Undergrad: 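Quick one: this structure, given as structure tokens, is what I'll be asking you about.
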Amino acid sequence: MDKGINKLNNIIFILITILSIFGTISIGDLRVFGMVITPYRIIIPILFLICAIGYLNNLKCSNNEFKILNRNIITITGIFIIWIIYGTVQLFVIDGLSMANGIKELFEICLGYAIVISLFIVIARGVHENIVINTIKTIYMVIALFAVIEIASGYHLPTSIYADTEATWILSTTDHNITNATAVFYNPNDLAAFMAIFTPIFFYSRNPIERIVNIIVIVMTLSVLRLNDAWIAIFAVIISLVIFIAICIVNVLRKTIHGNSKITYDTCVAFISVVIGYIFGFKLLLLFRKCVHSLFEIIGIDLGVVEDTNISVSGISETIDAQLVSGTGTSGSSRIDTYIDMLRDTFVDSYGLGFGPDGYSHYVKINMGSDILVNPHCLWLEILSQYGVIIFGIIIIAIVYLYISLLKMFIMHNAIMALILFLIDTSFVFAVFGPSTFLGYGYSWVVIGLSAGYVARYKLKNQKQVGATAKCD
């Protein structure tokens with residue numbers, strides 16, 4: 001492949017990944033059809049057009065590589081077309097739906113399609129694995145570092161639920177004693193989901209220096225998740241780690257994959273890092289917070305009163321008892337009630353057809369009590385309750401296919417990137433139970449686009465057609 005094309009693919013990947021996380025921050029209050037104009041909503045369609053035009057210019061190729069890619073692109077496009085058409089019909093047929101909110105949600109799905117297809121094309125055609133890993137790790141570390149700064153200083157960005165809306169400074173707070181972090185997201189659950197989903201990329205290291213960085217980042221991650229009381233995210237990280245350990249054990253026992261010793265070493269390091277972060281990390285972070293405030297007091301800057309004696313971090317047994325047994329915690333019991341009612345209402349009241357784009361929130365506000373959450377708080381139930389059994393089934397089948405394919409690719413090709421994505425997907429399955437809504441988060445589409453792109457990429461290796469594209473660029 002031409003070096004210029006390869007460089008363009010790398011740039012597009014980096015831009016899409018950055019925009020999916022940082023590009024949702026609005027610049028001013030300019031709106032179109034009620035939607036705030038953001039870099040994410042403007043630049044993603046442009047990058048999609050660049051990828052689509054470049055790919056269409058090569059449709060004259062008749063080699064096996066393009067046949068494989070074409071089949072996959074047609075399948076992905078078909079899924080999204082069915083989804084969007086179905087949602088559009090719902091929007092016009094179901095009474096009471098907000099046209100503005102419905103259009104906004106369908107537009108977010110269209111942006112999701114643009115991300116998935118763009119990443120599929122650039123990944124399948126040769127973005128270097130180091131570019132992928134380094135980009136995601138760099139973005140993650142920036143966010144994790146800012147989360148630590150938030151907790152230490154008590155100040156937040158304007159995008160945060162804890163920011164003072166009347167403040168003139170970029171960093172502000174409504175309560176100096178808050179020890180939660182949100183980074184560039186709105187609330188702690190949003191940040192926790194992001195961190196949980198991409199934590200597995202730090203399970204594997206390419207050199208000793210990276211291994212040290214991975215340990216630090218994993219400890220930081222578990223520290224932030226503990227202080228955010230993000231038990232769903234912690235559970236997601238633990239599940240992905242357990243599967244990583246299980247794969248390592250199977251590989252060692254069967255000796256079917258080369259490089260067992262390195263994977264085994266990384267597994268041990270990841271396990272120790274998670275344990276240290278879970279048990280000790282948040283204590284070190286609170287100590288760091290106290291030191292920061294003391295240092296600022298010495299130089300004459302008051303960051304606000306911090307009552308460390310009021311800071312308590314629940315353990316897993318206390319959380320389970322509060323949320324699921326005694327009912328003294330509101331989040332867990334409310335979620336379970338919401339999930340149960342959502343499933344029942346989807347089949348009883350909508351006959352499995354769904355309540356339409358942004359329809360479940362509308363349904364709850366009209367028909368349900370205050371103990372039921374207005375938002376789905378789960379991507380899977382969000383899709384099921386709003387778009388029905390058919391769309392939900394199609395999407396689940398596609399995701400399960402990608403999930404199984406990545407594991408096969410790791411076994412067949414000893415492909416570490418396939419293993420990393422398999423673990424990211426594993427964490428993704430559980431982490432999406434955290435945020436109130438998920439369809440609008442660009443990074444969730446990045447996960448799907450990466451998985452689809454790498455599955456296609458390894459299929460091309462199976463067909464021994466690597467490099468065929470160069471004849472057509």
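Keep in mind that what you see is a predicted model, and the values were worked out from it rather than measured.
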Undergrad: What residues, two or more places apart in sequence or in another chain, satisfy side chain to side chain donor-acceptor pair (under 3.5 Å) together with Y162?
TA: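 Partners of Y162 by the side chain to side chain donor-acceptor pair (under 3.5 Å) criterion, ordered by chain and then number, come out as N180.
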
Undergrad: Please round to the nearest 0.5 Å and tell me the distance separating atom CE of M220 and atom OG1 of T199.
TA: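 Between atom CE of M220 and atom OG1 of T199 there are 11.0 Å.
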
Undergrad: Looking at side-chain heavy atoms only, is the closest gap between Q386 and Q90 below 4.5 Å?
TA: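 In short, these two side chains do not touch, never coming nearer than 4.5 Å.
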
Undergrad: With a 4.5 Å cut-off on side-chain heavy atoms, are T159 and F185 touching?
TA: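 No, their side chains stay 4.5 Å or more apart.
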
Undergrad: Check this for me, if you would: do D266 and R211 make a salt bridge, where the nitrogen-to-carboxylate-oxygen distance has to be below 4.0 angstrom?
TA: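 Looking at R211 together with D266, the answer is yes, because their closest N to O distance falls below 4.0 Å.
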
Undergrad: Quick one: does any side-chain atom of T182 pair with a main-chain N or O of N187 as donor and acceptor, under 3.5 Å?
TA: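 Judged by distance alone, no pair lies under 3.5 Å.
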
Undergrad: Between G126 and N6, what is the shortest heavy-atom contact and its length?
TA: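 For G126 versus N6, the nearest heavy atoms are O-OD1, 3.1 Å.
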
Undergrad: Determine which pairs satisfy salt bridge (Lys or Arg N to Asp or Glu O under 4.0 Å) with at least one residue from residues 35-49, sequence neighbours left out, and list them in order.
TA: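 Sorted pair list: R41-E108.
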
Undergrad: Using modelled atom types only, decide if a donor and an acceptor are shared between the side chain of S385 and the backbone of T346 within a distance under 3.5 Å.
TA: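 A pair under 3.5 Å: no.
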
Undergrad: Is there a donor-acceptor contact under 3.5 Å from the side chain of D349 to the main chain of D345?
TA: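 No, because the side chain of D349 does not come within donor-acceptor range (under 3.5 Å) of the backbone of D345.
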
Undergrad: Determine yes or no for a side-chain-to-main-chain donor-acceptor pair under 3.5 angstrom, with R226 supplying the side chain and F282 the backbone.
TA: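 The answer is no, because no donor-acceptor pair under 3.5 Å joins these two groups.
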
Undergrad: Within the side chain of S427, is there an N or O that forms a donor-acceptor pair under 3.5 Å with the backbone of I424?
TA: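 Checking the backbone N and O of I424 against the side chain of S427, no donor-acceptor pair under 3.5 Å is found.
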
Undergrad: Within a strict 4.5 Å, meaning less than it, do heavy atoms of the F392 and Y387 side chains meet?
TA: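 No, too far: nothing below the 4.5 Å cut-off.
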
Undergrad: For Y204, is there any backbone N or O sitting under 3.5 Å from a side-chain donor or acceptor partner on N214?
TA: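 Yes, because the side chain of N214 sits within donor-acceptor range (under 3.5 Å) of the backbone of Y204.
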
Undergrad: As an exercise, state the distance from CZ of F422 to OG of S451, rounded to the nearest 0.5 Å.
TA: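 Spacing of CZ (F422) from OG (S451) equals 11.0 Å.
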
Undergrad: Any chance you could measure I243, atom CD1, to T426, atom OG1, to the nearest 0.5 Å?
TA: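 Atom-to-atom, I243:CD1 and T426:OG1 are 4.0 Å apart.
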
Undergrad: Do Y40 and I115 come close enough that some side-chain heavy atom pair is under 4.5 Å?
TA: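 In contact.
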
Undergrad: Quick one, H156 and F146 - any side-chain contact, counting heavy atoms below 4.5 Å?
TA: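 No, every pair of side-chain atoms sits at 4.5 Å or beyond.
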
Undergrad: To the nearest 0.5 angstrom, please state how far the CD1 atom of I383 sits from the CD1 atom of I394.
TA: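 Reported value, rounded in 0.5 Å steps: 11.5 Å.
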
Undergrad: For L406 and A418, which heavy atoms make the closest approach, and how far apart are they?
TA: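 Result for this residue pair: O-CB, 3.5 Å.
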
Undergrad: Listing request: all salt bridge (Lys or Arg N to Asp or Glu O under 4.0 Å) pairs with a residue in residues 131-159, at least two apart in sequence or in separate chains.
TA: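 Checked against salt bridge (Lys or Arg N to Asp or Glu O under 4.0 Å) - neighbours excluded - the pairs reaching residues 131-159 are K137-E210.
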
Undergrad: With a 3.5 Å distance limit and no angle check, can you tell me whether Y140 reaches the backbone of M195 through a side-chain donor-acceptor pair?
TA: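 Answer holds: yes.
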
Undergrad: Between L69 and A456, which heavy-atom pair has the shortest distance, and what is it?
TA: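 Nearest heavy atoms, L69 then A456: CD2-CB, 4.1 Å.
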
Undergrad: With a cut-off of 6.0 Å (strictly less than), are more than 12 heavy atoms of other residues, nucleotides or ligands near OH of Y186?
TA: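 Atom OH in Y186 is not packed in, count stays at 12 or less.
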
Undergrad: To the nearest 0.5 Å, tell me how far T135 OG1 sits from L15 CG.
TA: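 These two atoms lie 10.0 Å from each other.
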
Undergrad: If you look at every heavy atom in A196 and V237, which pair is closest and at what distance?
TA: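 Closest approach of A196 to V237: CA-CG2, 3.8 Å.
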
Undergrad: If I compare all heavy atoms of T77 with all of I117, which pair ends up nearest, and what's the gap?
TA: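 Looks like OG1-CD1, 4.1 Å.
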
Undergrad: Tell me, do V269 and F203 make a side-chain contact under 4.5 Å, heavy atoms counted?
TA: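 In short, these two side chains do not touch, never coming nearer than 4.5 Å.
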
Undergrad: Decide yes or no on ring-ring contact (aromatic ring centres under 6.0 Å, His included) for Y351 and F347, but give the supporting numbers first.
TA: CA-CA 4 Å; Y351 305 101; F347 289 97; over 10 Å; no

Undergrad: Just checking L49: does its CG atom have more than 12 heavy atoms from other residues, nucleotides or ligands closer to it than 6.0 angstrom?
TA: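 Check passes, neighbour count above 12.
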
Undergrad: Under 3.5 Å, side chain of W445 to main-chain N/O of G440, donor-acceptor pair present?
TA: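 Checking the backbone N and O of G440 against the side chain of W445, no donor-acceptor pair under 3.5 Å is found.
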
Undergrad: Is the backbone N or O of A230 less than 3.5 Å from a side-chain atom of N189, with the two atoms forming a donor-acceptor pair by type?
TA: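 Answer holds: no.
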
Undergrad: Measure the OG-CG distance between S361 and N101 for me, rounded to the nearest 0.5 Å.
TA: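 Here the rounded value is 8.5 Å.
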
Undergrad: Check whether any side-chain heavy atom of P357 lies under 4.5 Å from a side-chain heavy atom of L97, and answer yes or no.
TA: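 Yes, close enough: below the 4.5 Å cut-off.
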
Undergrad: Of all heavy-atom pairs between S98 and L91, which one has the smallest distance, and what is that distance?
TA: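 Between these two residues, the closest heavy atoms are O-CD1, 3.9 Å.
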
Undergrad: Just say parallel, tilted or perpendicular for the rings of Y443 and Y441, cut-offs at 30° and 60°.
TA: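 Parallel.
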
Undergrad: Tell me if a side-chain donor or acceptor on Y339 pairs with a main-chain N or O of H377 at a distance below 3.5 Å.
TA: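 Flag set: sc Y339 to bb H377 pair under 3.5 Å.
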
